[in-house]
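Here's the structure we're looking at; comments come further down.
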Amino acid sequence: MAFTDHMNMPARKPVTLVGAGLVGALLATLLAQRGFTVEVFERRPDPRAHGFLGGRSINLALAERGLRALRQAGLADAVLAQAVMMRGRMVHPLDGATNLQRYGVDDSEVIRSVSRGGLNILLLDAAERAGAGLHFDTTLAGVDFTGGTVALACNDGATRTQAAGLLIGCDGAGSALRAAMSKTANLGERIEPLGHGYKELEIPPPPAGGFAIDPHALHIWPRGHYMCIALPNTEGNFTVTLFLPNEGAPPSFATLTDVVAARDFFAQQFPDALALMPAFEEVWSAHPVGQLATLYLDRWHLDGRALLLGDAAHAIVPFHGQGMNAGFEDAAELAALLEQQAGDPAAAFAAFEDRRKPNADAIAALSLANYIEMRDGVADPRYLLKRELAAALTERAPGYFMSRYRMVSFTSIPYATCIARDREQTALMESILAGHDTLADVDLEAAAARVRATLPPLPEGA
Ligand code: FAD
Ligand code: E1W
C-alpha cells in the first residue's frame with residue numbers, strides 16, 4: 001500500500017546495492033538523489049585512487065537512452081564534455097575504399113564514444129555527492145534470505161555479516177547476487193554463448209598528434225564471418241575490437257595460435273588498420289580473448305527482497321552498442337518506480353520486471369541480429385534497395401517512418417515496440433517494392449502517402 005501523506009511516509013528500507021560499475025553507480029546516484037539511504041559494495045578497488053582496472057571494451061557507444069537517464073541524474077553535460085561524437089559508421093572494405101554511412105538525418109542524431117573508466121569515475125563521484133555510501137574492495141560472498149543478512153568478503157580476507165537492506169544487484173554478467181538468489185528460487189537462468197570472442201587492440205595517435213583516422217565515426221571492417229570495429233577516444237587513440245569465431249575453420253581464435261599468425265591474419269584482412277598499430281604484437285599478447293553470451297532469466301526478483309538489473313539480469317552481445325544504454329534505462333525506470341511505491345518494494349520490483357523484461361528480450365534479439373548485418377558489410381541488392389526506399393520515406397513521411405536503427409539509437413521508444421514497428425514498416429516497404437528492382441519507377445510521394453495512411457504516427461518516445 002502506497003502512502004502519500006508525508007507525515008506518515010512508510011519507512012523506506014535502506015538499499016544495499018551490489019556492484020559499482022556503470023549501472024550500479026548511476027542507480028546509486030538516482031536513488032540517493034531521491035532521498036534513499038544507499039550503501040554500495042564493489043569488489044574492485046576505488047578506480048579514483050588506484051587507476052582504472054576495467055577489463056573489456058575501453059570505449060563504449062552512448063546513445064539517446066543512456067543519455068536520457070544521465071540527464072535525469074543531472075550528469076548529461078558532464079558526460080558529453082568527455083565524449084567524442086560519432087556521426088555514422090565508416091565502412092572499410094578490403095580494397096580500402098572507405099565510405100561513411102550516416103546514422104541519423106543530421107548531427108542531432110549521433111552517438112557518442114565515452115571512456116568506460118572515465119564514465120565510471122564520473123558516476124562514482126556523483127553517487128558520493130548525492131549521499132550514497134561507497135565500499136570498495138568488498139565482494140558479496142553470500143546471502144541469507146531467511147535471516148535477511150549478507151556476507152561481505154573484504155580484500156584483507158575478513159568476512160563480515162550484516163543486515164541486508166533492499167538488495168539490488170548491479171554486479172554484472174557473472175552476478176554473485178544472481179547466484180545467491182538461484183539457491184533460493186529457480187530464476188529460469190539460460191546462458192547462450194555466441195561462440196565468438198573478442199580481442200581489444202589499439203590505434204594510437206599519430207606522432208604529430210590528432211587522430212589517425214576520422215574521429216567522428218564508428219569504424220567497421222566487415223569481413224563476412226568476423227569483423228573489426230574502432231571507437232575514438234578523446235586522447236586521440238582508438239580502441240579496436242576484433243570479433244572472431246572461437247573455434248573452427250580459419251580464421252578463428254583457435255587457429256591464430258601465436259602472435260605471428262595474428263599479424264599475418266591482420267596483414268591479409270585488415271592491412272590498413274595494421275599499418276596504424278605499431279605495437280600490435282605487444283597489445284595482442286597482453287590482452288585476453290573475451291567471451292560473448294546472452295543471458296536470459298525468467299525472473300529478476302525475489303518478492304520485495306532482491307532484484308537484478310543491468311548485465312546481471314540481461315547480459316547481451318555488444319553488436320548494437322546498447323548494453324550500458326539498456327542498463328541505464330533500467331536504472332532510471334527502477335528509481336522512478338521505487339520512489340512511487342516506496343512502501344511496497346515487492347510491487348515496484350514486479351512492475352519493473354513486467355515493464356523491462358519484454359524490452360530486454362527485444363534488445364537481446366536486435367543485438368544478435370546486428371552482428372550478422374554488421375559483419376556482412378556488402379549487402380545484397382534487395383537490402384540496398386530497401387535502404388534506399390527507407391531513406392526516401394524518412395524524408396517524405398517524418399513522424400510516420402523511422403528506421404529501426406534510429407528508433408533504437410535516437411529515441412526512447414521501448415525496444416519491443418521498435419521491433420514491432422520495424423516489422424510493420426518492412427512489410428509495407430516490401431509491398432511497395434513488389435515488382436520493382438529499382439526506385440526509378442516507384443512513385444515515392446504515393447508511397448509516403450501510403451505510409452501515412454497505413455501506419456499510426458510513431459509512438460511516444462520518438
Ligand atoms: P558491469 O559493468 O559488469 O559492472 C558490474 C560491477 O559489479 C563491476 O564493477 C564488478 O566489479 C562488480 N561486481 C561483480 N561481482 C561482484 C561481487 N560479488 N561483489 C561486489 N561487486 C561485484 N554497451 C553499450 O551501451 N555501448 C557499447 O558500445 C558497448 N560495447 C561493449 C563492447 C564489449 C566488447 C562488451 C563486452 C560490452 C559492451 N557493452 C556496451 C555492454 C556494457 O559493457 C555493459 O552492458 C555494461 O557494462 C553493464 O553494466 P553493469 O553495471 O550492469 O555491469
Ligand atoms: C552502434 C561494440 C559495438 C558498439 C556499437 C555498435 C557496434 C556495431 C558494435 C551498432 C551499429 C554503436 N553499434 N553501428 N553501425 N551500425 N550498427 O551503433 O555501438 Cl560492434
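Position 1 is the first residue of the sequence, and the numbers go up from there. Atoms within a ligand are numbered from 1 in the order they appear, just like the ligands themselves.
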Proximal ligand 2 atoms for Pro318, defined as those under 4.0 Å from one of its heavy atoms: 2 (C), 3 (C), 4 (C), 9 (C)

Closest contact, heavy atoms only, Ile191 versus Ala293: CG2-CB, 4.0 Å

Under 3.5 Å: N/O of Asn59 near N/O of ligand 1: no

Atoms in ligand 2 with a heavy atom of Ile229 nearer than 4.0 Å: 2 (C), 3 (C), 9 (C), 20 (Cl)

Backbone or side-chain N or O of Ala61 under 3.5 Å from ligand 1 N or O: yes

Candidate pair Phe253 and Phe265, rule ring-ring contact (aromatic ring centres under 6.0 Å, His included), full reasoning: CA-CA 11 Å; Phe253 279 114; Phe265 167 57; 8.6 Å; no

Gly323 neighbourhood, listing ligand 1 atoms whose heavy-atom distance to it stays under 4.0 Å: 23 (N), 24 (C), 25 (O), 41 (C), 45 (O)

Selection from Leu366, Leu218, Leu60, Ile111 by shortest heavy-atom distance to atom 6 (C) of ligand 2: Leu218

Pairing of Lys386 and Glu388 as salt bridge, 4.0 angstrom limit: no

Per-residue contact class, Phe41 against ligand 1 - non-hydrogen pairs under 4.0 Å: backbone

Any N/O pair Ala176/ligand 1 closer than 3.5 Å: no

Ligand 1 atoms in contact with Gln322 (distance to a heavy atom under 4.0 Å): 24 (C), 25 (O)

Numbering as shown, the atoms of ligand 2 that approach Asn370 to under 4.0 Å (heavy-atom distance): 10 (C), 11 (C), 17 (N)

Parallel, tilted or perpendicular: ring planes of Phe352 versus Trp300, cut at 30 and 60 degrees: tilted

Distance-only N or O hit between ligand 1 and Ala312, under 3.5 Å: no

Sub-3.5 Å N/O-N/O distance, Asp311 and ligand 1: yes

Side-chain ion pair, Arg87 and Glu109, N-O less than 4.0 Å: no

Audit row: Glu39, His135, side-chain hydrogen bond (donor to acceptor under 3.5 Å, both in side chains) steps and yes/no: CA-CA 8 Å; Glu39 298 298 328; His135 311 274; 2.5 Å; yes

For atom 14 (N) of ligand 2, the protein heavy atom that lies nearest, with its residue and separation: Tyr103 OH, 3.0 Å

Closest protein heavy atom (residue, atom, distance) for atom 7 (C) of ligand 2: Phe319 O, 3.6 Å

Distance filter under 4.0 Å to Gly321 heavy atoms, resulting ligand 2 atoms: 4 (C), 5 (C), 6 (C), 19 (O)

Short N-O contact, Arg382 and Glu430, less than 4.0 angstrom: no

Sidechain N-carboxylate O distance under 4.0 Å for Arg406, Glu64: no

Protein heavy atom at shortest distance from atom 18 (O) of ligand 2: Tyr405 OH, 2.5 Å

Proximal atoms of ligand 2 relative to Met227 (non-hydrogen, under 4.0 Å): 20 (Cl)

Contact with ligand 1 for Thr241, non-hydrogen, under 4.0 angstrom: no

Proximity flag Thr138 to ligand 1, non-hydrogen atoms under 4.0 Å: yes

Salt bridge Glu189-Arg299, side-chain N to carboxylate O under 4.0 Å: no

Tyr405 and Phe410 aromatic ring geometry - parallel, tilted or perpendicular at 30°/60° bounds: perpendicular

For Gly310, atoms of ligand 1 separated by under 4.0 Å from a heavy atom: 52 (O)

Six-ring centre of Tyr415, Arg65 cation under 6.0 angstrom, axis tolerance 45°: yes

Close side-chain approach of Ile229 and Trp221, heavy atoms under 4.5 Å: no

Numbering as shown, the atoms of ligand 2 that approach Ala61 to under 4.0 Å (heavy-atom distance): 12 (C), 19 (O)

Under 4.0 Å to a heavy atom of Cys170 - the qualifying atoms of ligand 1, by number: 5 (C), 6 (C), 7 (O)

For Thr139, atoms of ligand 1 separated by under 4.0 Å from a heavy atom: 17 (C), 18 (N), 19 (N)

Distance-minimising heavy-atom pair for Glu353 and Asp298: OE2-O, 3.6 Å

Whether His196 and Tyr371 hold their rings parallel, tilted or perpendicular, with breakpoints at 30° and 60°: perpendicular

Atom indices of ligand 1, in the order listed, that fall short of 4.0 Å to a heavy atom of Gly19: 7 (O), 12 (C), 21 (N)

Note, Leu27 side chain near Leu17 side chain (heavy atom, < 4.5 Å): yes

Polar atom proximity, Glu200 to ligand 1 (N or O, under 3.5 Å): no

Sub-4.0 Å atoms of ligand 1 with respect to non-hydrogen atoms of Val18: 19 (N), 20 (C)

Protein residue, atom and distance nearest to atom 15 (N) of ligand 2, heavy-atom basis: Arg89 NE, 2.8 Å

Under 3.5 Å: N/O of Gly321 near N/O of ligand 1: yes

Phe41 six-ring centre to Arg43 NZ/CZ under 6.0 Å and within 45° of normal: no

